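In what follows, a structure is listed as structure tokens, so that the remarks can point back to it.
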Protein chains: 2
Amino acid sequence: MHSTLDKIKKQLTVKGFKLTPQREATVRVLLEHEDDHLSAEDVYILVKAKFPEIGLATVYRTLELLSELHVVEKINFGDGVARYDLRNESQEHHHHHLICLTCGSVEEIKEDWLLPLELRLEQEFQFKVLDHRLDFQGTCRECLSKAE
Amino acid sequence: MHSTLDKIKKQLTVKGFKLTPQREATVRVLLEHEDDHLSAEDVYILVKAKFPEIGLATVYRTLELLSELHVVEKINFGDGVARYDLRNESQEHHHHHLICLTCGSVEEIKEDWLLPLELRLEQEFQFKVLDHRLDFQGTCRECLSKAE
DNA sequence: GTAAATGCAAATTATTTGCATCTTA
DNA sequence: TAAGATGCAAATAATTTGCATTTAC
């Protein structure tokens, strides 16, 4: 009844965008891979498996649209590729990432640790925070234990 | 005697890299624009003004090298362009950015606000933090006052 | 029926690489 | 003088765009 897919569909129709099978297939792939950080190419390959006639440009356009609707978050870990994460409606802001420089794994932290800092920014800098992004680079648990 | 330029030169020679006029010119440009967030293209244009025979590829190679030496920090604000900031030896970690979504300005915060969080990460997640990155998106003081 | 969306191919943008030539240590 | 660095042009990679055709509303 009130699946995430339905909510996203509603967001599209409410804003006057059309509900095409390509868009639905793309959103389904994102939902099935919520915890991966998929690039446009990744999404394309996955959607193409179920919907072979889709074009890469459509995937780019869909991801861009979902990004504008704040359905996905477009992130860039520094390699030249944009990645797209489903945004959870429960999380007002971006989540944080723990990026392992040894094995490349990306772990997520879904708590928001930055609220006190945001208050301070608004007071000390008169900067109104709308969103933030916090990534840590380092060595993950697994790689630390291997290194011993 | 102990200018930043000299220190960077020393870092190059110590690691066995050659001190070419192209590299020096590039570092000088970075020093003269410490607070801008220059793209490789920006750096190229600025260096070319003083050293017209330099090639764009050399600028890319130099910035990459300086990045590996941790002399500059390669950052990506989400538009498709990498930017390069001189790293201050006083700041062990990246500094933070306040990115205004209205006028596009980027202000820097040089304090490190994340040490308590890093401690927590190492204890709760057994993740050894080597570096981090923190950007806030929002509305800057100037744009807030204009909007009133 | 019509505005919006698609697929394809070509264009664009940022960055990297091969290679012949030059330069620093 | 030899390893390393450069400049140029060509190659690559990611993303965007033009346009004729199709489709959702």
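Quick caveat: nothing in here was measured; it's all calculated off a predicted structure. Naming: A, B, ... by sequence-line order, numbering from 1 per chain.
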B/F136 vs B/H97, test: ring pair (Phe, Tyr, Trp, His ring centres under 6.0 Å). Steps then yes/no. CA-CA 6 Å; B/F136 293 93; B/H97 295 106; over 10 Å; no
When the distance from [atom1] of [X] to [atom2] of [N] is rounded to whole Å, what number comes out?
X: B/F17; N: D/dA2; atom1: CZ; atom2: P; result: 22 Å
X: B/E24; N: D/dT6; atom1: CD; atom2: C1'; result: 16 Å
X: B/L65; N: D/dA3; atom1: CG; atom2: C1'; result: 15 Å
X: A/Y60; N: C/dA9; atom1: OH; atom2: P; result: 17 Å
X: A/E64; N: D/dT15; atom1: CD; atom2: C1'; result: 10 Å
X: B/I54; N: D/dA5; atom1: CD1; atom2: P; result: 14 Å
X: A/L56; N: D/dT15; atom1: CG; atom2: P; result: 9 Å
X: A/Y44; N: D/dA13; atom1: OH; atom2: P; result: 16 Å

Which part of the nucleic acid does B/E53 contact within heavy-atom distance under 4.0 Å: base, sugar-phosphate only, or nothing? sugar-phosphate
Assuming nearest nucleotide by heavy-atom distance, tell me which of B/A57 and B/K18 is located more 5' along DNA chain C. B/A57
On DNA chain C, does the nearest nucleotide to B/L19 precede the nearest nucleotide to B/V81 from the 5' side, or the other way round? Give the residue. B/V81
Does [N] have OP1 or OP2 under 4.0 Å away from a side-chain N or O of [X]?
X: B/Q22; N: C/dT23; answer: no
X: A/R61; N: D/dT16; answer: no
X: B/T20; N: C/dT24; answer: no

Checking D/dT6, C/dA5, C/dT24 against the side chain of B/T58 (C-beta onward), the nearest is D/dT6
Closest to the A/A82 side chain, choosing from D/dT15, D/dG4, D/dA9: D/dT15
Assign each of B/P52 and B/G16 the nucleotide of DNA chain D bearing its closest heavy atom; nearer the 5' end lies the nucleotide of B/G16
Map B/G55 and A/T13 onto DNA chain D by nearest heavy atom, then report which one ends up closer to the 5' terminus. B/G55
Shared hydrophobic cluster, A/V81 / A/L46 (ILVMFWY, side-chain heavy atoms < 4.5 Å): no
Run the salt-bridge test on [X] and [Y] with the 4.0 Å N-O cut-off and return the result as yes or no.
X: B/K74; Y: B/E64; result: yes
X: A/R83; Y: A/D85; result: no
X: A/E32; Y: A/R28; result: no

